[in-house]
Amino acid sequence: FLSPPAPHASSWDAAYERELQTFQDIGDTGEIWFGEESMVRIIRWLEKHKVPLDSSVLDIGTGNGVLLVELAKSGYMNLTGIDYSPSAIQLSEKVREKEGMSNIKLKVEDFLAPSAELSGFDLCIDKGTFDAVSLDPSDAVGKRKLYVGSLRRVLKPEGFFLITSCNWTKEELLNEFREGFEILEELPTPKFCFGGRIGNSVTALVFQRK
């Protein structure tokens with residue numbers, strides 16, 4: 001998988017502006033930061049647990065919106081993607097148009113200060129956005145707390161939160177989300193071996209809001 005760029009607003013915007021230009025030039029959706037297998041893992045979990053197709057789904061930090069397109073192709077109808085980068089939302093709008101997916105809602109939103117209408121979701125998905133928030137050089141700890149508070153506000157009680165991270169271990173994520181969430185399961189992810197020790201390069205967890 002590809003690591004996201006450094007988590008400064010300007011570098012994310014620059015990355016998405018480049019991808020937007022590339023899409024306009026050749027119709028390429030750009031890089032998927034966490035690769036196909038992470039999308040497949042999420043969709044398999046939804047299918048395995050028979051999560052209803054009319055469930056309201058929020059993709060936090062949607063980027064180019066490709067995950068939402070895959071969810072729509074799997075039959076999910078109530079899909080929302082947010083990103084604080086206007087270039088990312090422009091790119092995902094173009095991807096949505098190309099795929100003819102009119103049931104995907106897209107908004108420019110800062111998840112650390114969500115608007116009032118962002119609430120009542122059955123399912124929230126994060127692939128790399130919490131990582132980017134966590135690495136912010138200005139008050140990363142405070143921003144992580146804001147993130148968890150926002151998640152509690154936008155996700156219904158009993159709602160599911162699927163997080164894919166390449167920076168945090170399972171134990172660290174359990175600690176970060178201990179207030180208001182309980183772990184349901186850890187999803188299998190690719191393993192790597194370094195210096196004779198086996199570890200995971202990616203952690204994928206499913207939480208449920210208490």
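Here the structure is a predicted model, which means the values were calculated and not measured.
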Do [X] side-chain atoms and [Y] backbone N/O form a donor-acceptor pair below 3.5 Å?
X	Y	answer
Arg209	Glu182	no
Glu172	Thr169	yes
Asp83	Gly63	yes
Arg144	Val133	no
Thr189	Thr203	no
Ser150	Phe111	yes
Ser55	Val51	no
Glu109	Ser115	yes
Asp131	Cys166	yes

**OP:** Decide yes or no on side chain to side chain contact (heavy atoms under 4.5 Å, CB included) for Tyr76 and Leu46, but give the supporting numbers first.
**Re:** CA-CA 10 Å; Tyr76 285 88; Leu46 298 177; 3.4 Å; yes

For the residue pair [X] and [Y], establish whether any side-chain heavy-atom pair is separated by less than 4.5 Å.
X	Y	value
Ile104	Leu106	yes
Arg153	Pro114	yes
Phe177	Ile163	yes
Glu158	Lys210	no
Leu205	Ile183	yes
Leu118	Ile82	yes
Val95	Val69	yes
Asp126	Leu162	no

Subject >> Partner of Phe160 under side-chain contact (heavy atoms from CB on, under 4.5 Å), chosen from Leu155, Asp122, Val57, Leu184 >> reply: Leu184

How far does [atom1] of [X] sit from [atom2] of [Y], to the nearest 0.5 angstrom?
X	Y	atom1	atom2	answer
Ile60	Phe121	CD1	CZ	9.0 Å
Lys156	Cys124	NZ	SG	11.0 Å
Ile125	Trp45	CD1	CH2	9.5 Å
Thr80	Glu117	OG1	CD	10.0 Å
Leu58	Lys105	CG	NZ	10.0 Å

Original post:
Does the pair Leu187 and Ile42 meet the rule for a side chain to side chain contact (heavy atoms under 4.5 Å, CB included), with working shown?
Top reply: CA-CA 9 Å; Leu187 303 182; Ile42 289 164; 5.6 Å; no

Specify the closest pair of heavy atoms between [X] and [Y], including all atoms of both residues, with the distance to one decimal.
X	Y	answer
Met101	Arg96	O-CG, 2.8 Å
Ser74	Leu53	O-CD2, 3.7 Å
Leu79	Ala72	CD1-N, 3.6 Å
Met39	Leu67	SD-CA, 3.5 Å
Lys143	Ser138	NZ-OG, 3.1 Å

**OP:** Check the surroundings of atom NZ in Lys145: do more than 12 heavy atoms from other residues, nucleotides or ligands lie under 6.0 Å from it?
**Re:** no

**OP:** Dump the intermediate steps for side chain to side chain contact (heavy atoms under 4.5 Å, CB included) on Leu71 and Ile43, then the final yes or no.
**Re:** CA-CA 7 Å; Leu71 288 169; Ile43 290 166; 3.8 Å; yes

Original post:
Looking at residues at least two apart in the chain, or sitting in another chain, which of them share a side-chain hydrogen bond (donor to acceptor under 3.5 Å, both in side chains) with Arg41?
Top reply: Glu37

**OP:** Show your working on side chain to side chain contact (heavy atoms under 4.5 Å, CB included) between Ser165 and Leu173 and close with a plain yes or no.
**Re:** CA-CA 9 Å; Ser165 168; Leu173 287 171; 4.1 Å; yes

Original post:
Taking Lys127 as the fixed residue, which of Thr62, Thr164, Asp59 is the one that meets the side-chain hydrogen bond (donor to acceptor under 3.5 Å, both in side chains) rule?
Top reply: Asp59

**OP:** Indicate the ring-plane relationship of Phe161 and Phe181, choosing parallel, tilted or perpendicular according to the 30° and 60° boundaries.
**Re:** tilted

Original post:
Relative to the ring of Trp168, is the ring of Phe130 parallel (under 30°), tilted (30 to 60°) or perpendicular (over 60°)?
Top reply: tilted

